[in-house]
Amino acid sequence: MRFSPVLFPSLALLLAACSPKQPAAAPAPAAAPAPAAATGSASAPVAGPRVIDLVVGDNMKFSLKTITASPGEELTVNLTSNGTLPKEAMAHNFVLLGKDVDSDAFMQSAATAKATDYIPPELADQVLAHTKPLGPRQHDTITFKVPAVPGEYEYVCTFPGHALQGMRGMLIVK
Ligand SMILES: [Cu+2]
């Protein structure tokens, strides 16, 4: 009996130590809703690449002389040929060149690069984007990211002689 006063306080301490509020572990499940929020935002409308329809043909012109775009914007170029002449005699492509590329020098090399679709392999690093050469009623689509640096980027048809006859245009990034 004499020890009981001592025993009781220690028991009380023990109980207090064992019955601590367990909620400390509770915050963990709270993290679960995060992924749900992420999938929710994915269902929101997402803007895809802006589509540019470009028509080429026997007149050796691009239907658009200029294309204006924002830096870093994604563009899809739909190139369609409504030409009638055989592909061997007249093919058309869309080749977007880097900012400070000498387009005349590029075209000179391209003219002899038939085996690689008129893209000279040694100058491939000067090309930002390009389609394949199209014959009559053919079609090709490319998607690319507009350069982040504002300025003017020339696009040309690299089939021999075409750019010299005016088959060229300008992508204006601003
Ligand atoms: Cu052409």
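Predicted model, so just to flag it, every value in this text is computed and none were measured. In each ligand, atom 1 is the first atom listed, and ligand 1 is the first ligand listed.
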- Query: With distance as the sole test, does Thr158 use its side chain to make a donor-acceptor pair with the main-chain N or O of Tyr118 at under 3.5 Å?
  - Reply: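 Flag set: sc Thr158 to bb Tyr118 pair under 3.5 Å.
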Strictly under 2.8 Å, how many protein N, O or S atoms lie near the Cu ion (ligand 1)? Waters don't count.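 Excluding waters, the total comes to 4.
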Under the side chain to side chain donor-acceptor pair (under 3.5 Å) definition, can you give me all pairs with a residue in residues 57-73, not counting sequence neighbours?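 Found Arg50-Glu73, Asp58-Thr84.
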Self-check item: Reported CG-to-CG distance for the pair Leu171 and Leu97, which is rounded to 0.5 angstrom
Solution: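 Here the rounded value is 11.0 Å.
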- [ ] Using distance alone, with no hydrogens and no angle criterion, decide if Asn93 and Thr131 have a side-chain donor and acceptor under 3.5 Å apart.
- [x]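 Side chains of Asn93 and Thr131: no pair found under 3.5 Å.
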When the ring planes of Phe62 and Phe94 are compared, do they come out parallel, tilted or perpendicular, using 30° and 60° as the limits?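 Ring orientation, 0 to 90° scale: perpendicular.
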Subject >> Nearest heavy-atom neighbours spanning Pro71 and Ala148 >> reply: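 Smallest interatomic distance, heavy atoms only, reads CB-O, 3.4 Å.
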